[in-house]
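Bear in mind that the values here come from a model prediction, so they are computed numbers and not experimental data. Side chains included, hydrogens not; waters and symmetry mates left out as well; all remaining heavy atoms used.
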Amino acid sequence: MRKTEVIIRCGKDEVRGVIAQYYPEFQLLKINNIMIPIGLIEQIEIMNPDDTSSHSPLRESRVLHLVTQRVGASQ
C-alpha cells in the first residue's frame with residue numbers, strides 16, 4: 001500500500017504527514033498522532049507521491065478546500 005503525504009491547514013497551523021486513521025463517529029482525522037476535527041480543517045493538500053526529488057522548486061500537488069456547514073450560527 002502506497003502512503004500519500006498530505007499537508008492539512010487549520011487556521012494558522014499546518015500539519016504535514018500521512019493520514020493514519022479516520023474516525024467517522026467523531027469526525028476526526030489522525031495524522032502524526034494528532035487528532036484533528038474535520039470541522040476545523042480548511043485545506044488538505046495532497047502531495048504528489050511520484051515526486052521524490054527534494055531539489056524541485058515546484059512540487060505538483062492537489063489541493064482540496066473543505067466547506068463545512070455550521071449548525072447553530074451562535075457559536
Show the nearest heavy-atom pair for residues T4 and M47, with the distance to one decimal.
CG2-O, 3.8 Å

According to a 4.5 Å side-chain heavy-atom criterion applied to Ile, Leu, Val, Met, Phe, Trp and Tyr, with indirect links allowed, do I46 and I41 form part of one hydrophobic cluster?
yes

Step by step, would you call I7 with V15 a side chain to side chain contact (heavy atoms under 4.5 Å, CB included)?
CA-CA 6 Å; I7 297 174; V15 178; over 6 Å; no

Report yes or no: do M35 and I44 belong to one cluster of Ile/Leu/Val/Met/Phe/Trp/Tyr joined by side chain heavy-atom distances under 4.5 Å?
no

Kindly say whether V6 contributes a backbone atom to a donor-acceptor pair with the side chain of E45 at under 3.5 angstrom?
no

Nearest 0.5 Å, what's the CD1-CD1 distance between I8 and I19?
4.5 Å

Between E14 and R9, does any side-chain N to carboxylate O distance fall below 4.0 Å?
yes

Please output the side-chain donor-acceptor pairs of residues 23-34 that fall under 3.5 Å, not counting sequence neighbours, one pair per line with the distance.
{"from": "Q27", "atom 1": "NE2", "to": "Y22", "atom 2": "OH", "distance (Å)": "3.1"}
{"from": "Q27", "atom 1": "NE2", "to": "P24", "atom 2": "O", "distance (Å)": "2.9"}
{"from": "N32", "atom 1": "ND2", "to": "R16", "atom 2": "O", "distance (Å)": "2.5"}

